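Reading through the structure tokens given below for one structure.
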Amino acid sequence: MKGISTPLVFSLLLPLTLAAQNSTSTNTTATEGILSSGSVDLGDWADAYTKAAALVAQLTNEEKITLITGGSVSSVNWTALEFKDGTEGVQGYNFVTGFSQSSALAMTWDKTLMYDQMKAVALEFYGKGFQVVNGPTSQPLGRTPWGGRLVEAFTPDPYLNGIAFGLGAKSFNDAGVVGGGKHFLLNEQETNRQASGSSSVAPYSSVADDKTLHETYLWSFYDGVKNGLGAVMCAMTKVNGTLSCENEGLLQSLLKTELGFPGLVYADVGGQSTAFGSANGGLDFGSSSIWSNSTLQSGLTNGSFTEARLDDMAIRNIIGYYKVALDNGTQPAYVGSDEFVDVRANHSKIVRTNGGASLVLLKNINNALPLSKPRTMAIFGSHAGPIMAGPNYVFSVQGSGPIYEGHLAGGSGSGQTSFPYLITPQQSLTNQASLDGTMIRWILNNTYTSTTSGGSGGGGGSDFGGMTGNSSSNGTSMSDPPTLSKRAGAAIAGPTGGTSLSQTIPDYATAAEICMVFINALSGEGADRTELRNTEQDALVTSVASNCNNTMVIVNTVGARILDAWIENENVTAVIYGGLLGQESGNSLLDVLYGTVNPSGRLTHTIAKNESDYNVGLCTTAVCEFTEGNYIDYRYFDKYNVTPRYEFGYGLSYTTFEYSDMTANITNATALASTYPTGALSVGGKADLWDEVISISVSVANNGTVDGNEVSQLYIQYPDAANQPIRQLRGFERTLIASGSSSTVTFSVRRRDISSWDVEGQDWAVVSGDYVFSVGASSRDLRVSQTVTVGA
């Protein structure tokens, strides 16, 4: 039988602060026995609770303390559990799959693809003998686009984040491992996140008001708990001045009582500081140096700690193990990172499929894409090809970026990908060129000076003012952009290209029918982003476009990347934008470029025109006030009428879709007769929060010439009394529709989807009035609407 081992290094996060919630000031006495008291309807957790309680009843207090500090207990044959990062694959292991990052997966807007990938990830953990995965990652949510760890999470939209997070919890359960959802709560940046002896502002303390806390940051954890999340990692940072992992209001009241969470709370690195502050605050699994046997036994004697709380902690440590049926004896034994245990199965197909489905077509002038056997092609940028040594690059947990001098397909820190191999765009495009007879040339750098001269036809001049492959991977940027004009006197090749071209960016661009520029943005755990655009890369795009009237730009990024240095250039005919796609990255890009896959990815964040258009920057003070409330990303842009470059939910296709015949009907009038939910407290909150109350349907027709997937998006406008953003996502469906055909798309609207947090009533309320439901192709491209009146 397995148990819990001392967690290895979990993740390193940076601090923020939370809101003083008037809600949930439940004391320890009331919450320490919430599972045993029957206050929560455990539903399909009931059998696991019975088994866990029976095992704990056999233990002495000393053995319980051993269990909650990650030790094995021989008297009941309990072996410590193994924990491991991360949700892009088993980190640091051989013979595993290098999956795409969660931020890329969310851009598919496809629930089936999300579930399939995260279950495949979980099966690999299971096959390597791990019981707890440090993921999925809901937060950082994306309060600020400068956040360094957004690559590991899903999206700043609470609804889409919650659906993906919940699917992660469900898929992990179904694969037989315990998901450790993170980071709880208000952990939104890396700056000042980790305590240090010299800093008076770390870890920072986040402060958000009660309404913001519930409607934006707690929202997705409802989904995770409802879908079977067995563990939660509390953050390094503080909330309202108290460490998140010692915060009774946060852990005991919100998580374990309001959400009915039955599982294990464990700490991020440095999250536990005191013995009884953490135990009574709601931490269930901690350090044996802080929770020594003598310390906790003394606490039991002097009343600093209770046996009821100790029992609750022990049960929570093992309930998830029983819930996912790890006691059935079928899991393979734990193996080390180098042992030949191949768990990959057919997962490379999932990586390639999901990568293609996640890519967003932002621009496509005169149907420049898809490609069809171009005669000549030139590709540019270090992102197009491999790094000098790879594909597994070593990162310390100190942040990274702002760009990567090679093809970027995985993250860093706790989000680092373990690549068995990496298909780069250069490799996939060269393979395709060999089939099509395309002449292909490349310059795999962002700046380049040819040093070849003589009979080979190379040019000895410099196009870049003497700069030779000068990268900005160290985080610096050039004070003056390089001048990338064509070298004086160089021969201009004919339209078919020639083998004696000077190896310069302008010569290669001038000679090519198709020019592709590959750029990226990198950040990771340990540091926040220093820029949302890059001078060196933008100069490369501009230079190529000034010499090639069919320039296509491919962007892979960890978060919002500003494009306005060149997006309106008439010679930039197409732009593909995506996250970090994993080991099949080049093939996924090829599928979209050549039309094997009709692009259907949609933006999960807003791309602004300028940095100043975003309303939240990095917090550098000890207390981080979330004064913007619920207004982050598109909800801010909408409220303050800021025009984005590309809005949340945006994405083009190689075909076109038309919306019509929308209907909206109340399906549970009885439920809507009550302002507040009346259901029993269950795992995931009050049971009736999850009931369908309204059904929406719409007809979507493909009136183009090729088959394609359309991502239909449902947005809601609340009555004024609810005090909500102008519009909020409340449904999405990705549907394959054949050319010339149509499909009826339906949305099930739950009670929670039309509820708002009532601060005075301390509950989710359905406000009477008119609710406007709109369906369309993005948050600002809404095609059809219907109004539903609720209440008197």
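Computed from a prediction, not measured in an experiment: that's the story for all the values here.
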List the atom pairs, with distances to 0.1 Å, where a side-chain N or O of residues 290-298 and a protein N or O form a donor-acceptor pair under 3.5 Å, not counting sequence neighbours.
residue: W291; atom: NE1; partner: A275; partner atom: O; Å: 2.9
residue: W291; atom: NE1; partner: S278; partner atom: OG; Å: 3.4
residue: S292; atom: OG; partner: S294; partner atom: OG; Å: 3.3
residue: S292; atom: OG; partner: T295; partner atom: N; Å: 3.2
residue: S292; atom: OG; partner: T295; partner atom: OG1; Å: 2.7
residue: N293; atom: OD1; partner: Q297; partner atom: NE2; Å: 3.4
residue: S298; atom: OG; partner: S294; partner atom: O; Å: 2.8

Centroid separation F285 to F83 less than 6.0 Å: yes

State the CD-SG distance between E188 and C619, to the nearest 0.5 angstrom. 12.0 Å

Does a side chain donor of either D85 or N134 reach within less than 3.5 Å of an acceptor in the other side chain? yes

Under the rule for salt bridge (Lys or Arg N to Asp or Glu O under 4.0 Å), what residues qualify as partners of D758, not counting sequence neighbours? none

Measure from the side-chain N and O atoms of D209 to the backbone N and O of T212, and report whether any donor-acceptor pair falls under 3.5 Å. yes

Spacing of Q189 atom CD and T620 atom OG1 [to the nearest 0.5 Å]: 8.5 Å

Side-chain H-bond candidate by donor/acceptor type, R635 with T216, under 3.5 Å: yes

I'd like to check the ring pair (Phe, Tyr, Trp, His ring centres under 6.0 Å) partners of Y93; sequence neighbours left out, ordered by chain and number. F130

For residues Y334 and Q131, is any side-chain donor paired with an opposing acceptor at under 3.5 Å? no

With sequence neighbours excluded, what pairs up with P156 under the side chain to side chain contact (heavy atoms under 4.5 Å, CB included) test? H605, I632, D633

Main-chain N/O of G147 paired with R529 side-chain donor or acceptor, under 3.5 Å: no

pair I34-Q252: side-chain heavy atoms closer than 4.5 Å: no

With sequence neighbours left out, write down each residue that passes side chain to side chain contact (heavy atoms under 4.5 Å, CB included) with T155, or none if nothing qualifies. D157, L160, N161, T604, F648

State which residues pass ring pair (Phe, Tyr, Trp, His ring centres under 6.0 Å) with F154; sequence neighbours excluded, sorted by chain then number. none

Anything under 30° is parallel, anything over 60° is perpendicular, the rest tilted; go ahead and classify H214 against W757. parallel

Mind checking salt bridge (Lys or Arg N to Asp or Glu O under 4.0 Å) for D174 and listing every partner two or more places apart, or none if nothing turns up? K170

Rounded distance (nearest 0.5 Å) linking atom CG of N247 with atom CG of L254: 8.5 Å

Do E215 and N630 get their side chains close enough for a donor-acceptor pair, meaning under 3.5 Å? yes

Sorted by chain and residue number, the salt bridge (Lys or Arg N to Asp or Glu O under 4.0 Å) partners of R752 (sequence neighbours excluded) come out as D223

Partners of Y126 by ring pair (Phe, Tyr, Trp, His ring centres under 6.0 Å), sequence neighbours excluded? none

By side chain to side chain contact (heavy atoms under 4.5 Å, CB included), which residues pair with Q101, not counting sequence neighbours? E88, S103, V151, E152, T417, L580

Counting C-beta onward and ignoring hydrogens, is there a side-chain heavy-atom pair between Y266 and V132 closer than 4.5 Å? yes

Are Y614 and Y636 an aromatic pair, judged by ring center distance below 6.0 Å? no

Indicate yes or no: at least one non-hydrogen side-chain atom of W764 is less than 4.5 angstrom from one of R751. no

Could you check K182 against D268 for side chain to side chain contact (heavy atoms under 4.5 Å, CB included), going step by step and ending with a plain yes or no? CA-CA 9 Å; K182 59 183 188 179; D268 199 352; over 6 Å; no

Might you work through the side chain to side chain contact (heavy atoms under 4.5 Å, CB included) test for V178 and F172, ending with a clear yes or no? CA-CA 6 Å; V178 178; F172 286 14; over 6 Å; no

Within-4.5 Å side-chain heavy-atom neighbours: W78 and L59: no

Contact between S36 and D311 at the side-chain level, heavy atoms closer than 4.5 Å - yes or no? no

Can you find a heavy atom in the side chain of F261 that is under 4.5 Å from one in the side chain of F184? no

The side-chain hydrogen bond (donor to acceptor under 3.5 Å, both in side chains) partners of N61 (sequence neighbours excluded) come to K64

Examine the side chains of S273 and E246 and answer whether a donor and an acceptor come within less than 3.5 Å of each other. no

Pairing residues for S304 by the side chain to side chain contact (heavy atoms under 4.5 Å, CB included) criterion, not counting sequence neighbours: F276, N302

